Amino acid sequence: MRRSIVSKFLGKRASLYLFIISGTGASALTYHHTLNPHRDSHSLVHCITTSFNGVVRSSRSLYTITANVVDYKYSLQGLSKDTDQYTRILSEVHLRSAKRILKLCEMNQGFYIKAGQFVASVRQVPTEYSSTLASLQDQAVPCSFEAIKEVLISNLGSDLKEIFLSIDEQPIAAASIAQVHRALLKDHQEVVLKVQYPGLNDRMRMDIATMSLLTKCVTWFFPEYRFQWMVLEFSRVIALELDFLQEARNSVKTAVNFKHSNRIRVPKVFQELTTSQVLTMEYCKGRRVDDVDYIREMGIDPRKVAKVLVEAFAEMIFVHGFVHGDPHPGNILVSLDEKQGFCLVLLDHGIYKSLDEEFRVNYCQLWKALVLLDSHKIQQVAQHFGIGVYAKYLPLIFTGRTINSKAAFGDGMSVEEKKNLKQEVKSLSIGDISEFMESLPSEFLTVLRTDALVRSLTSKLGSSQRERLVVYANYALHGLSLKSDPDSDFVLKDVRTRIMSKIDHLQVRLVLELLQLLWWLRDTKRAVVTWSKQITMLINGLVSDLHTPTSVIS
């Protein structure tokens, strides 16, 4: 009954709705042109084509968003939030809405694919969305080489033969904004060319304008549905990713940050062959980090790969304060290494976030408080982040415990905790979630997104949550040991403070060491029990065979 509400609502108003979506598509186009009054002049045909495509794409968007909002509004109307029926129907609406958005992204392609990937990587969205939209990670339609060649010529010069001995016309990778081709320089050095799709900037401005306009319209009609924070964060991220010169600078800085490590490799950038639309890098062999079968075939323990991966991103977050914001499987390669066995190759350095020093130190303090179960300190740090009343959810987000949990760091919630949490979460509305996400600083959103992607990868590699948590905690302590800005409140001002700080850090390290010892004993006990059962079964089987009478053959 409730499921048919959306189709009835739209069906009865088909003519009116067609008029509205066409009008909104045109409005989005006007809005786009208003935001970009100094755009380059184009031919009449190009403008008409762009305008028509813009109306069609934005109309699809409006239809999808309206259908979802109506579905939520009327499917849940009159239901009490603390009932199982509400939970069940809410999950069904989540799934239907996620499927509509998936279809929209597949039809509109381009930045909609990127936007869908972005939503899937945000841990705070319902699992129905993240699991449904996860399929977009590998969806990208390659562009023809003729179009790619035009971009290369306009950026590197008309005679590509003066630079390259050969360029492979078949791309080795294709994403939502660019595709990658292998090439051979005149000095026979193998490189890869990351080439931006033609006309991308126009489509980006149009799509971002459409998304922005739609979210404002939705909020105007339904104040509790506030998604501007997601559009703002996505537009910031995508603007960074479109500038390949910035990506080159990020790549160089990351290489410097990891120059001490023989486990992390960053491809060399050829600056003289890099522009805002073309990025030329050295070719690095390797396979995707989530290719577990390949990793095992090479004699590498996937859990060791997971540990190196977590350590690399923990170092970025807690120590460097310079974070790779898009560590999906295609951007990290496992490469064989003669000395170390393997190393990780970090690719796609377009999306980075420089963490404010005060944020970095506060984030380290948060993890220290999570280890010590210091709820007062967690709330204090949350005030610095501007999270306020939502501080109690921080332990749940990062460690899977409630703020007053008695469980040890790295252990899951008790049955009682899960029961209480389930009741509490039922009282949260979409408006509460929107308010929480809006309250987060942009650095926090980047860290959450990166952590979600790293967590997904380590899970595929067979690593446990507690191994990741211990690495994070250790790097947080290392991050706190670094000197801050001289004007910061975190500066150690005298010898007594330094000594107390050292004791404080030793306390946390002791807690971590004791926890790891406890986990080792627990795992050993399980292993001994399992081994004992297997031995007992084997002995019982042998005894049974000895007492079985031998048949006599006459």
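On a predicted model such as this, the values are computed, not experimentally measured, just so you know.
- Between the side chain of Asn250 and the backbone N or O of His349 there is at least one donor-acceptor pair closer than 3.5 Å.
- Judged purely by distance below 3.5 Å, without hydrogens or angles, the side chains of Thr446 and Tyr352 never pair a donor atom with an acceptor atom.
- If you run side chain to side chain contact (heavy atoms under 4.5 Å, CB included) between Phe313 and each of Val454, Leu453, Thr458, Val471, only Val454 comes through.
- Between Thr280 and Val269, every side-chain heavy-atom pair lies at or beyond the 4.5 Å cut-off.
- Taken from CG in Leu156 to CD in Glu162, the straight-line distance is 12.0 Å, to the nearest 0.5 Å.
- Aromatic ring centroids of His384 and Phe359 lie 6.0 Å or more apart.
- A cation-pi contact links Arg468 to Tyr472, judged by a cut-off of 6.0 Å to the six-membered ring centre and 45° from its axis.
- Note that Lys253 lies in the cation-pi zone of Phe322, set by a 6.0 Å cut-off to the ring centre and a 45° limit from the axis.
- Using a cut-off of 4.0 Å between Lys/Arg side-chain N and Asp/Glu carboxylate O, Arg449 and Asp326 are scored as salt-bridged.
- In summary, the aromatic rings of His478 and Phe318 are positioned with their centroids too far apart to meet the 6.0 Å limit.
- Nearest heavy atoms, Pro395 versus Leu370: CA-CD2, 3.7 Å.
- Counting only distance, with no hydrogens or angles, the side chain of Ser335 and the backbone of Phe342 share no donor-acceptor pair below 3.5 Å.
- Between Glu146 and Lys149 there is no salt bridge, since no side-chain N of the basic residue sits under 4.0 Å from a carboxylate O of the acidic one.
- With salt bridges taken as basic N to acidic carboxylate O contacts below 4.0 Å, one links Lys194 and Asp348.
- Salt-bridge check for Asp159 with Lys161: failed, with every basic side-chain N at 4.0 Å or more from each acidic carboxylate O.
- Taking CZ of Arg265 as the start and OG1 of Thr254 as the end, the distance is 15.0 Å to the nearest 0.5 Å.
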Verdict with reasoning, Phe270 to Met281, per side-chain contact (heavy atoms from CB on, under 4.5 Å): CA-CA 6 Å; Phe270 291 79; Met281 303 169 289; 5.5 Å; no
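- Between Glu467 and Arg303 there is a salt bridge, since a side-chain N of the basic residue sits under 4.0 Å from a carboxylate O of the acidic one.
- For an aromatic pair to be called close, the ring centres must be under 6.0 Å apart, and Trp367 with Phe398 satisfies this.
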Check against side-chain contact (heavy atoms from CB on, under 4.5 Å), Val278 and Leu273: CA-CA 8 Å; Val278 176; Leu273 297 176; over 6 Å; no
